[in-house]
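Worksheet: the structure to be examined is printed underneath.
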There are 2 protein chains.
Amino acid sequence: MHALEPLIQKLKRWSDLDEADQRLVLSLPHSTRRFSRASYVVQEGTVPSHAGVLLSGFAFRQKITASGSRQVLAIHIPGDIVDLQNSFLDRADHSVQVLTDSEFAMVPISAFKDIAFQRPAIGIALWRETLVDGSIQREWTANVGRRNARERTSHLLCECGYRLEMAGLGHRTRFQLPMTQEELADALGLTPVHINRTLMSLDREGLTTRRRNLVQIHDWDALAAIGDFEPGYLHIPAALQPALTAAPVSKAR
Amino acid sequence: MHALEPLIQKLKRWSDLDEADQRLVLSLPHSTRRFSRASYVVQEGTVPSHAGVLLSGFAFRQKITASGSRQVLAIHIPGDIVDLQNSFLDRADHSVQVLTDSEFAMVPISAFKDIAFQRPAIGIALWRETLVDGSIQREWTANVGRRNARERTSHLLCECGYRLEMAGLGHRTRFQLPMTQEELADALGLTPVHINRTLMSLDREGLTTRRRNLVQIHDWDALAAIGDFEPGYLHIPAALQPALTAAPVSKAR
DNA sequence: CGACGTGTTGAAGGAGCTCAATCTAAGTGG
DNA sequence: CCACTTAGATTGAGCTCCTTCAACACGTCG
């Protein structure tokens, strides 16, 4: 499979690409790079030269405040274009780090820019990708600003499950989420201790189960209701939203 | 003055527009519309057809959670392009409301789209405008997620002052901010009562003064330090950043 | 003048934080 | 295969920042 195939898949979500468009995308100059757990893909303050398409693994954006605490701003899953955000600006205003060993296709920003203006269908798709990132960011702000710990946590779990299913990486009720509780805490504006108590309480109520990085949601509707999760802000085209399929049978162990 | 002059000014901040570019921007089809205090410019869930350039007045973006609480996501000042965010997507994922009586130039989205792909300089400028909005949104998330009430409030005041000065609408230490404490609370993820106590405490320490909508910052450096305000995330080009000029003499009264 | 929107203040309670100890599972080296 | 290490998860206890509820003050406007 061509390394940039996941990029095509993603862009087709946002805009109709004809044959020529797709060929052009696949011919983008790029090199695949591996990053090992916890290493930086982009450092705040640096001048960006490449944008990365996440091929495998998980990544996240973050900022550090003066007092040294960290806010995780977004979580990225395979297929996501990481860093169009910083790309067309002077210097990176936040960092991107990987959660697990990951692979990226690094594409020079100038190549993205050229192709975007040569082919409007591609330009619109790239633009929409950044707009959807922005929409997710707004929901994230509201989540942190106006929901309590239980609601926030439920919302995040639902968002991750939903996005992973849309990306073909599991079912919304059963997926890998390789984040420590400390990372979850930084994503939700809470402390690790409190996240722990919140997760345990969801578990105890039979809503979720966690083992290692595997998250299982036993009552999707209930969790989505608690977290006020309405997937509209993800802007997934209706055609791509499968009817809610039954959860895969979880192998008893 | 041409109604779209503020748009030109804003776009020139993000990209070099030549004469032809500028003529094209000014020839965008548009109609000016007045909105009276508290009315909606965009309603969540509707299909957007126009993007608005804020000509005069103040506006803000917001979302309501299931429990009925509101999160203010961004504040807009004259010159801002409101709603490129929603424009290229299926339907608005949040609402835009005006803080004061305001005037907008409403431009059909299709016209924006055409001009963006006809003239890359314009396209890049528009794209950057949305990217900077995204950057501000990330800082906002971090502000709400990882700073306490005093820090959050200071940060917001500094951001508003700085942006208003960059837009030529006052000095960073003396500006109009027509928000009630309830609106400030919803912007910062706090309650009106607590915002009130926080503002009063800043006042009592001699850092700020408020009278009606006029905010005065008496010790910019101190307030910026408290709020961990580093303007880099606004991505203002170096050429536009005036050296920190002395505050205008405030008329004793 | 009375009503309403907004700002201010007090008192009590609670959601989430801090500090600190303990537990667990997955390495790792012998 | 086992002792040792270590990152991460879990639990407890006390505290605090912020919320909630409620009253009151103030200015504007009909």
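Please read these numbers as outputs of a predicted model, since none were measured by experiment. The sequence lines fix the lettering, A, B, ..., with proteins before strands; numbering per chain opens at 1.
The phosphate of C:dT8 (OP1 or OP2) has a side-chain N or O of B:Arg210 nearer than 4.0 angstrom. The side chain of A:Asn196 contributes no N or O atom lying less than 4.0 Å from OP1 or OP2 of D:dA9.
Between A:Gln181 atom CD and D:dT10 atom C1' there is a gap of 8 Å when expressed in whole angstrom units. Atom CD1 of B:Ile195 is separated from atom P of D:dC17 by 16 Å (rounded to the nearest Å). With rounding to whole Å, A:Arg37 atom CZ is found 15 Å from C:dA26 atom P. When the P atom of C:dC17 is taken as reference, atom CD of A:Glu182 falls 13 Å away, rounded to whole Å. We find that CG of A:Leu184 is positioned 12 Å from P of D:dG8, with the value rounded to whole Å. Straight-line distance from the CG atom of A:Asn213 to the P atom of D:dA9: 9 Å, rounded to whole Å. Rounded to whole angstrom, the span from the CG atom of A:Leu199 across to the C1' atom of C:dG16 amounts to 15 Å. Protein atom CD of A:Glu183 is 14 Å distant from nucleotide atom P of D:dA7, rounded to whole Å.
Of the residues in residues 145-160 of chain A, A:Asn148, A:Ala149 come within less than 4.0 Å of DNA chain C through at least one heavy atom, sorted by number.
B:Ser135 and A:Asp93 share a donor-acceptor pair across their side chains, judged by distance under 3.5 Å alone.
When side chains are defined from C-beta on, B:Leu184 counts as touching B:Leu199, because their heavy atoms get closer than 4.5 Å.
Shown here are the side-chain hydrogen bond (donor to acceptor under 3.5 Å, both in side chains) partners of A:Thr32, two or more places apart in sequence or in another chain: there are none. Qualifying side-chain hydrogen bond (donor to acceptor under 3.5 Å, both in side chains) partners for B:Glu129, counting only residues two or more places apart in sequence or in other chains: B:Lys10, B:Trp14.
The base of C:dG10 is paired with the side chain of B:Arg197 by a donor and an acceptor separated by under 3.5 Å.
Nearest to the side-chain atoms of B:Arg204 among the listed nucleotides C:dT9, C:dT6, D:dA9 stands C:dT9. Nearest to the side-chain atoms of A:Val193 among the listed nucleotides D:dT11, D:dT20, C:dC17 stands D:dT11.
Nucleic acid contact for B:Leu190: sugar-phosphate only, since backbone atoms but no base atoms lie under 4.0 Å from a heavy atom of the residue.
B:Glu182 CD: 12 or fewer foreign heavy atoms inside a 6.0 Å radius.
Side-chain atoms of A:Ser95 never come within 3.5 Å of backbone atoms of A:Gln62 as a donor-acceptor pair (strictly under, hydrogens ignored).
In summary, the aromatic rings of A:Phe35 and A:Tyr40 are positioned with their centroids too far apart to meet the 6.0 Å limit.
Of the two residues near DNA chain C, B:Met200 and A:His194, the one whose nearest nucleotide lies more 5' is B:Met200.
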